[in-house]
Amino acid sequence: MSSFEPFIPASATLRELTIVAQHGELKYPEGTACAEVLKAGASEEVFAPFDAASISIENDPALLGVGYIIGPRIASLMAGGGVLSYLVLIPAIKYFGSGLAAPIAPEAARLIKEMSVEDIQGAYVLYIAAGAASASFQSSSHRSFCIWSDATGSCENEHLHSDGLAHLPQQ
C-alpha cells in the first residue's frame, strides 16, 4: 500500500466539494481550469529558471576510492552538495543574475548572462562551497574539542558533549 492511497478518497471528496459543486460560481468551469493549468505547465516560462541546470557523472576510480575511504555518509553529503550546486545554485544565479546590467563581485569583467555553467561554478559556486566547508570545519572542530575536553568539563557549550546530548544533573 502506497503512502498516498489513504488520501485518494479524501482528494476525490474535496474535488467534488470545491470544484464540481461550485460549478456556476467559479470563474472558470472545471474543464477550462484544467486546460489552463495544463497550458501553464507546458509553457517555456515554467522551465526558464532551469535553463542553466546540468547533470553529469564522472566515473573516476580515484573518486570512487576517496568515497570508499571517507564513507557513505560523507560521500553522500558531498554528492548532495554537487546536486544542489548544479540543479539549484547555478540555475538560480543564472536566472536572477541575467537581468543585471553590471557584473557582480567576485566576477568583475563579465555579466552573468554571458557566463557558461562552468564559469558560474568557478566564479560563484566555488566560493559558496568553500564557505560551507569552512563552516563545517569550524563546527566539527568545536565538537571534537568538546569530545576531547569532556573528561575535564571544559567544553563551553553544554549541548555539545561526546554523546551529542545535553547532560542533565545526576539525581
Side-chain angles (χ1 to χ4, degrees), residues 1-15 18-20 22 26-144 160 164:
M1 179 177 196
S2 124
S3 61
F4 293 110
E5 284 180 17
F7 298 108
I8 292 173
S11 66
T13 305
L14 288 174
R15 179 187 165 276
T18 59
I19 297 175
V20 177
Q22 300 288 322
L26 292 175
K27 182 177 179 183
Y28 296 108
E30 181 181 4
T32 308
C34 290
E36 290 296 321
V37 168
L38 290 174
K39 282 196 289 186
S43 72
E44 298 205 8
E45 293 176 10
V46 172
F47 298 106
F50 299 104
D51 281 344
S54 64
I55 297 176
S56 65
I57 189 165
E58 187 170 339
N59 191 10
D60 187 4
L63 292 176
L64 294 174
V66 168
Y68 181 77
I69 291 169
I70 63 176
R73 180 177 174 269
I74 301 298
S76 299
L77 289 172
M78 293 178 69
V83 168
L84 178 71
S85 67
Y86 279 92
L87 293 181
V88 176
L89 290 177
I90 292 174
I93 291 169
K94 183 77 168 181
Y95 181 71
F96 293 112
S98 291
L100 299 175
I104 233 176
E107 178 67 40
R110 292 181 294 170
L111 296 173
I112 291 176
K113 64 183 172 188
E114 299 168 353
M115 300 174 89
S116 69
V117 170
E118 291 79 19
D119 295 336
I120 292 173
Q121 193 272 338
Y124 297 102
V125 177
L126 183 68
Y127 296 110
I128 294 170
S134 175
S136 172
F137 172 74
Q138 291 173 359
S139 173
S140 64
S141 296
H142 182 70
R143 285 179 187 224
S144 296
L160 292 176

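Only heavy atoms go into these numbers, but all of them, side chains included; no hydrogens, no water, no symmetry mates.
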Practice item. State which residues pass side chain to side chain contact (heavy atoms under 4.5 Å, CB included) with Ser76; sequence neighbours excluded, sorted by chain then number. Key: none

Revision key, fill the gap. What one should report as the nearest heavy-atom pair of Leu100 and Leu111 is O-CD2, 4.0 Å

Check your understanding: Counting distance only, does the side-chain N/O of Ser98 pair as donor-acceptor with the main-chain N or O of Lys94 below 3.5 Å?
Key -> yes

**Study point:** Minimum-distance pair of heavy atoms, taken over all atoms of Tyr127 and Pro106
**Key:** CE1-CG, 3.7 Å

Check your understanding: Distance from Ile90 atom CD1 to Ile112 atom CD1, nearest 0.5 Å?
Key -> 11.5 Å

Give the table of side-chain donor-acceptor pairs shorter than 3.5 Å for residues 77-85, with sequence neighbours excluded, one pair per line with atom names and distance.
unit_1: Ser85; atom_1: OG; unit_2: Gly81; atom_2: O; d: 3.4
unit_1: Ser85; atom_1: OG; unit_2: Gly82; atom_2: O; d: 2.9

Practice item. Could you tell me which non-hydrogen atom of Pro103 sits nearest to which non-hydrogen atom of Arg110, and how far apart they are? Key: CB-O, 3.5 Å

Exercise for review: State, to 0.1 Å, how close Tyr124 and Ile93 come at their nearest heavy-atom pair, and which atoms those are.
Suggested key: CB-CD1, 3.8 Å

Check your understanding: Looking at Val117 and Ser54, what are the two nearest heavy atoms and their distance?
Key -> CG1-OG, 3.9 Å

Review point. Going by the side chain to side chain donor-acceptor pair (under 3.5 Å) test, which pairs reach into residues 99-109, not counting sequence neighbours?
Key: none

